[in-house]
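One structure is given here, and the rest of the page talks about it.
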Amino acid sequence: MQRYYVTTPIYYVNDKPHLGHAYTTIAADVLARWHRLNGADTWFLTGVDEHGQKVLEAAGKKGISPQAHVDAMVQPYKDLWARLDIRYDDFIRTTEPRHKAVVQAALLKLKEQGDLYEDVYEGWYSTAAERFWTEKDLVDGKCPDTGQPVQWVQETNWFFRMSRYGERLREWIEAHPDFLQPASRKNEVLGYLRKDLGDLCISRPAARMSWGIPFPWDESFVTYVWFDALLNYVSAVGFSPQGENGPDFARRWPAQHHLLGKDILTTHAVYFSTMLFALGLEPAEHLYAHGWWTVEGEKMSKTIGNVVDPHLLVDEYGADVVRYFVLREIPFGNDGDFSHKGLLERTNADLANDLGNLLHRASSMTGKWLGGRIGALDAPTPADLELQGLADRAVAGFARELEAAQFHKALESLWELVRAGNKYIDTEQPWALNREGKTERLGGVLTRCLEIIRVAATLLQPVMPTKARELAAQLSLNADPLLALGCASLDHLVAGTVLPEPAPVFPRLLELPPRIQEALAKAQAPTPPPPPPSPSLPVPEPPVDETTPAAPALIGIDDFGKIQLLTGRIVAAERHPSADRLLVLQVELGEDKPRQIVAGIAARYEPQNLVGQQVVVVANLKPVKLRGIESHGMLLAAGGKDVRGLVTVGEPLPPGTLVR
RNA sequence: GGGCCCAUAGCUCAGUUGGUCAGAGCACCCGGCUCAUAACCGGAGUGUCCCAGGUUCAAGUCCUGGUGGGCCUACCA
């Protein structure tokens, strides 16, 4: 029996599920449903990643245990998958004993075979920022992020000898050209491998970050989140690094497809593959990195993300239409834009006009002229044979493309048949056949149109499970599921079967739903676009959240008084010669000559537009060299790492005016 | 600065290994049909295939350089 095992990344439980998560999961669900439909021994795994710094912090803020926190946070994912009609076979959580046991056993195995070693890392550690800094990072000997003192820490950690397996991975990729998809991504990974592959630090001292899987031989360490998370793909199906594998492991692994976002390609392709090699396993057959969605032409952000809140989309369009749209609109692997206008046009053109209307016109004519009963097929004409040929090609193309995760091509292939159906009606002119009393031919023609709908209903089951059933119901087909095997043959319907009263399965959308319009109007409000979210898995090192900083300690007025803020006027601005995000500014502060200030605002401002701009400057900051250029102060700007706007003063003031 | 990818009709994009490769869908216009969800069918188009060189009998298709855009990475005082 053919077998098929597909996975999504396990999503970071602290994030709210969004369109990116939904996209990957819908794609995996469609693949799983398709293989299930074809009788393959199918397994679809999704889940959540529950360890790491951010979970710990969030739980701390809520005053509950991390476990209680993740227990609550997992529900939104399960809810959304239910609403999107996602039928997974297993949902893994990394806090489950079955997973922890595998991670720990894997650690032991690697240690025993000499793939782990301890090493001492020395560096300046900032407790406030919870990270290491190099000597040159430090400002005035203090943490550059928080200004807090740093300590020279010698920290022991465990390292995985990833470097041992780099060459093998390179060979594997060369020998399996379809391993990394799309092909362009393969180059990225090979480029990454061209550099010397280092070893991977896979532990964190529990004293510093306790929310993780403890090392089996030393509980003062917990497992690095990636090492933990990646193993879910094998732990969930019964891998046992040291003992006997679970009964299902052999029939599941290696998986056929890992679907993931392009941002986590390296971790999967490099970290995970080498881990598998070390554990004596082979990687999955295909690792497919898909693109990111922009929304209404903008990078996804909290603001714009609201207009594609998956629950809103399901409420207003229905799960099936959302599923269809995201898979049809862009090639899997490319970035794409989700616009409501695009969705409206796409669904009207494809679903209402082409497919829905084909059914409606055929069933209406059957109702009107054949008493609502499916007509018998007549002897095929050349046109009929041609139609059959098209059906054969459409079904074959659909299957081929779908199995390659080329959803848009698969659907396009089916739609060639649907369009041919509309054309067939036009050339055969059933209304003329009716007028002329050619009932036998009329029955044959209309039935072939209904057969096309049957083919569509069959192939669309994985993509639009509910709508496919509705299509089938319009044909009085009760079989569930409709078997895909042999479905291309346009002779399945039983003559004489009574059809229900025709009803549009895909109503035309005349305008965007009111709630969508409201959401769009709200999002129009001019908020510049912050950075894109990662649609999947955890970030390697949890960065400090800039938008909602942990409540800082209260300071007195005297502390504030240490900061000298002055108005200034930018008199010259140019790009930093060797740093993309930096601008080198000359700012007039009322001193004998302008100050040179380097600012990380190049992503948002053109140098020429800044000249003459009034700004507020931290004037008594210690000078520092930024990528070789001295900076004597700092511009105030709103936003975190993504600058949203410069701080200025409402009216023109002489440079050097005190600000407080 | 280093690495990778991309640039083809108004829009979104197809164009494997160089030789009907100048295409599809959408939008628009014209015509047809009337069964149908103001749907369907046909037709017309429009393109310096980013720019400049080069290789070749032949180049969107290969090479070099440039321009513009995206992603990864370092710099964000």
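Throughout, protein chains are lettered first and strands after them, A, B, ... in sequence-line order, and every chain is numbered starting at 1.
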Classified by glycosidic angle (syn within 90° of 0, else anti), B/rG60 comes out syn
With a non-hydrogen cut-off below 4.0 angstrom, is [X] in contact with a base, only sugar-phosphate, or nothing?
X	answer
A/Arg435	sugar-phosphate
A/Trp369	sugar-phosphate
A/Met365	base
A/Ala349	nothing
A/Asp337	nothing

With A/Tyr23 as partner, the option from A/Trp292, A/Phe325, A/Phe332, A/Phe407 fulfilling ring pair (Phe, Tyr, Trp, His ring centres under 6.0 Å) is A/Phe332
d([atom1], [X]; [atom2], [N]) in whole Å:
X	N	atom1	atom2	answer
A/Glu416	B/rA14	CD	C1'	12 Å
A/Arg185	B/rC5	CZ	C1'	8 Å
A/Arg361	B/rA39	CZ	C1'	8 Å
A/Asp354	B/rU37	CG	P	16 Å

Please confirm whether the backbone N or O of A/Arg373 pairs with a side-chain atom of A/Thr366, one donor and one acceptor, at under 3.5 Å?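 It does not hold such a pair.
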Answer yes or no: is there a donor N or O on one side and an acceptor on the other, between the side chain of A/Thr497 and the main chain of A/Leu493, under 3.5 Å? no
Just wondering, do A/Arg185 and A/Lys262 contact through their side chains at under 4.5 Å, heavy atoms? yes
Considering only side-chain heavy atoms of A/Lys368, which listed nucleotide, B/rC35, B/rU37, B/rC41, is closest? B/rC35
To the nearest 0.5 angstrom, please state how far the OG1 atom of A/Thr427 sits from the OH atom of A/Tyr424. 7.5 Å
Please list every stem that involves RNA chain B, where a stem is a run of 3 or more consecutive Watson-Crick or G-U wobble pairs with both pairing distances under 3.5 Å.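 Expected stems, ordered by start: B:1-7 with B:67-73, B:10-13 with B:23-26, B:29-32 with B:40-43, B:50-54 with B:62-66.
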